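Lettering follows sequence order; numbering is per chain, from 1. Model, not experiment: these values are computed from the prediction.
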Amino acid sequence: MLKRTHHCGELRKDHIDQRVTLSGWVNNYRDHGGVVFIDVRDRNGITQLVFHPENKAAHDLADTLRHEFVIAVSGVVRERIGPKGEPAHNPKLATGEIEIDCDQLEVLNRAQTPPFTPDEFGKVGEELRLKYRYIELRRPTMLNIIRTRHRVAKIMRDYFDAEGFYEVETPFLCKSTPEGARDFLVPSRLQPGEFYALPQSPQLFKQILMVAGVDKYVQIVRCFRDEDPRADRQAEFTQVDLEMSFVEQDDVMTCVEGMIRKVWKDILGVEVPVIQRMPYAEAMDRYGSDRPDLRFDMELIDVSDLAAKTDFKVFTGAIAAGGLVKAIRVPGGSKLTRKQTDALAEWVKQFGAGGLPITKIENGAVATGVGKFIAGISADLIARMGAEDGDLLCFGVSEKPAVVHRVLGELRVKLAHDLEMIKPGQWEWLWVVDFPAIEWNEDQKRWDSLHHPFTAPNDEDLAKLDSGDHKQIASIKSKAYDLVLNGSELGGGSIRIHRPEVQSKVFALLGIDEEAARTKFGFLLDALNFGAPPHGGIAFGLDRVVMHLCNTTNIRDVIAFPKTQTGADLMTDAPSHVDDVQLAELSLRVQTHNKKDKSV
RNA sequence: GGGGGCGUAGCUCAAUUGGUUAGAGCACCGGACUGUCGAUCCGGAGGUUGCGGGUUCGAUCCCCGUCGCCCUCGCCA
């Protein structure tokens, strides 16, 4: 076999007259009867090969080449010259100034006609691309994502190594804990009827590692959550997970910022500034979200006091019921048609809104929509909103403040995208801090932890833990922090509880009695009793980091072998039935069969 | 579990109100061509309209069911 001397993207004018050997896939072929051109591709790029009839054996063989044949060739690098001796460069190719005048060709493997070609011209349905993932991955953009992902992981590992972290592997076969997301379960053969769970995150193990004195732990690790996927969510995903001892909130955040700064600098050449911080309450108040997108304005402004002065029952009724009225100003939003605003009103209903009152600003006053109901507050409203002619005001109204925030929070993001208010290349970073430790779950009539039950409350709030007073408990803040980029949550973490008596109080508040706590987390409680250092950490979605760096909104793009919305791998056809012998070994019996008959 | 969108040649799409032989471009096969580069020109082959049922003289089109894919709500401590 001819052994390559270069890759397909690296030959330049400097190499002219050198004999070289290349290996790769036939990207395209152009047969002119006499001279034959072959574009050969590897992960590095594309180089044009020329076969002249004078080298009959190679030329005849080149005639038979088709898309995606695997070849090795040897020849001499020439400048591309036209028929009259003029340069015939191809500016679209990095190697476009040269070509290889080939005299040797080996067909290393033939290929069936591929269902689609790895060139980027025609679009191809995702279903097909997932089935033939190996062909899609040949595309330069996909290989570039794979390379970027590799580099990101490498930069992070180098960074954490330099900071004194140890990478430690934690188990995949874990104890199931019913809190949080649904577990993927793995039946135990040796202990019939018992199950492992795949980790939703290595949370408890990394805390144990701190008790063990590892001091600084990091792991790039797969996590599993058996919940329905979304465009940016996959049941199986990768976290950059870390934990540090003898630290406070600022130490973790500073460390992480250093990592982010290095990744963005090395991958994109972008300088990340000192990342601003915003309390959770402020984020909800101003942006209606715990992960606000700061690339555009349209802040939520409370107009409840003005709304109360109107005779508009939608407003006054909500306020009387303990709710509120907030508004966002959509610059230039009056260009939206009635049809479009009606569609928005329909759209917001999924977030619990009854509708979406709007009004356009014309001639310095509220004009359309609910304008006639609120004419009396027109001037005050316009002043408070800073509105101008051509703007659109959208009102969030509900007796539940949370619904107002959700509706307007989602709406401002949608409008920013629909009205193309986001300039490309913007990076708006934010730490959201001062999260409430717990929130009241009205449906279940109990307290739920907002982050997780191991998150440390703020020191000054510790006394409130056993106050028994609903309001005081609701006001407890925690040492938790989320890193937000352009409206998406990249990671979150907290300082953990390291004193067993505090942990017991939090469990009690969450309705986890001592016996339940022992059954679920006994090993952690034991560990805390044996000299646990103060510690805290954070976990990042590596997939999401790479999505941002590669400018895609689809998590499947950054995973080599992703799954569909029903958790299927279209290439391997997982999940699939297993035979009865396997089930019997695991003491399992299947009650119902899949709708699609995959039985063997 | 709910809402929305999609499924026609290998691929991307078209097909009038339900109408007689389901088309085009690319890919593929054969031929021509010595400087192209998403080559060009000539010719050819290629269809279970996702699957099953129904309505109809007649269904790619309408109805019911089902399978698959995408977006989304719930869910994701």
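Here the separation of B:U12 from B:U34, taken at their C1' atoms, is 34 Å to the nearest Å. Atom C1' of B:C70 sits at a distance of 45 Å from the matching atom of B:A32, rounded to the whole Å. Atom C1' of B:C26 sits at a distance of 15 Å from the matching atom of B:A14, rounded to the whole Å. Nucleotides B:A22 and B:C29 are separated by 23 Å at their C1' atoms, to the nearest Å. A distance of about 33 Å separates the P atoms of B:G19 and B:A27, rounded to the whole Å. One C1' atom belongs to B:G18, the other to B:G54, and the distance between them is 15 Å to the nearest Å. Atom C1' of B:A59 sits at a distance of 11 Å from the matching atom of B:U49, rounded to the whole Å. A gap of 29 Å separates the P atoms of B:U8 and B:C42, to the nearest Å.
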Its contact letters, B for base, S for sugar-phosphate only and - for none at protein heavy atoms under 4.0 Å, make nucleotides 71-77 of chain B read BBBBBBB

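Ring to ring, A:Phe51 and A:Phe37 are not that close: their centroids are 6.0 angstrom or more apart. Here A:Tyr287 and A:His405 keep their ring centres 6.0 angstrom or further from each other. Separation of the A:Tyr217 and A:Phe205 ring centroids does not fall under the 6.0 Å cut-off. Aromatic ring centres of A:Phe454 and A:Phe521: separated by under 6.0 Å.
In this structure the side chain of A:Tyr29 never reaches within 4.5 angstrom of the side chain of A:Val36, judged on heavy atoms. In this structure, the side chains of A:Cys8 and A:Arg43 stay at 4.5 Å or more apart for every pair of heavy atoms.
Atom NE2 in A:His32 sits about 10 Å away from atom P in B:U34, given to the nearest Å. With rounding to whole Å, A:Glu120 atom CD is found 17 Å from B:A27 atom P. Nucleotide B:C37 holds its C1' atom 13 Å from the NE2 atom of A:His67, rounded to whole Å. Note: NZ (A:Lys92) to C1' (B:U36) measures 12 Å, nearest angstrom. Here B:A27 presents its P atom at 12 Å from CZ of A:Arg66, a figure rounded to the nearest Å. Remark: P of B:G35 and CZ of A:Arg78 are 18 Å apart, rounded to the nearest angstrom. B:C37 atom C1' lies 13 Å from atom NE2 of A:His89, rounded to whole Å. One interatomic measurement links the two molecules: CZ of A:Arg30 to C1' of B:C26, which rounds to 16 Å at whole-angstrom precision.
Which of B:G35, B:G38, B:C37 sits closest to the side chain of A:Val50 comes down to B:G35.
Among residues two or more places apart in sequence or in another chain, the side-chain hydrogen bond (donor to acceptor under 3.5 Å, both in side chains) test is passed with A:Lys349 by A:Glu346.
Here A:Asp119 lies out of heavy-atom contact (under 4.0 Å) with every strand. Within 4.0 Å of A:Leu570, counting heavy atoms only, lie sugar-phosphate atoms of the nucleic acid but no base atom. Residue contacts shown for A:His52 include a base, since a base heavy atom lies under 4.0 Å away. Within the 4.0 angstrom heavy-atom criterion, only backbone atoms of the sugar-phosphate kind lie near A:Thr566; the bases stay farther away. Base contact: A:Gln48 has a heavy atom under 4.0 Å from a base atom.
The nucleotide B:A27 finds no pairing partner, because no Watson-Crick or G-U wobble arrangement with both distances shorter than 3.5 Å includes it. Checking B:G35 for Watson-Crick or G-U wobble geometry (two distances, each under 3.5 Å) identifies no partner in any strand. The base-pairing partner of B:C62, taking Watson-Crick or G-U wobble contacts with both distances under 3.5 Å, is B:G54. Of all nucleotides present, none satisfies the Watson-Crick or G-U wobble test against B:U17 with each distance under 3.5 Å. For B:C69, the paired base is B:G5 (Watson-Crick or G-U wobble, both distances below 3.5 Å).
With A:Asn90 contributing its side chain and A:Gly96 its backbone, the two residues share no donor-acceptor pair below 3.5 Å.
The phosphate of B:C28 has OP1 or OP2 within less than 4.0 Å of a side-chain N or O from A:Tyr29.
A salt bridge links A:Arg222 and A:Glu236; the closest N-O separation between the charged side-chain nitrogens and carboxylate oxygens is under 4.0 Å.
With A:Phe184 as the aromatic partner, A:Arg225 does not meet the cation-pi criteria of under 6.0 angstrom to the ring centre and within 45 degrees of the ring axis.
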What N/O pairs connect the protein and nucleotides 6-11 of chain B at under 3.5 Å? Give each pair on its own line.
residue : atom : partner  : partner atom : Å
B:C11   : O4'  : A:Pro115 : O            : 3.3

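The structure places CH2 of A:Trp431 at 9.0 Å from CD of A:Gln249, a figure rounded to the nearest 0.5 Å.
Between A:Glu54 and A:Asp31, the residue anchored closer to the 5' end of RNA chain B is A:Glu54, taking for each the nucleotide with the nearest heavy atom.
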Problem - From CA spacing to verdict: side chain to side chain contact (heavy atoms under 4.5 Å, CB included), A:Leu185, A:Tyr196 - result: CA-CA 6 Å; A:Leu185 294 178; A:Tyr196 300 99; over 6 Å; no

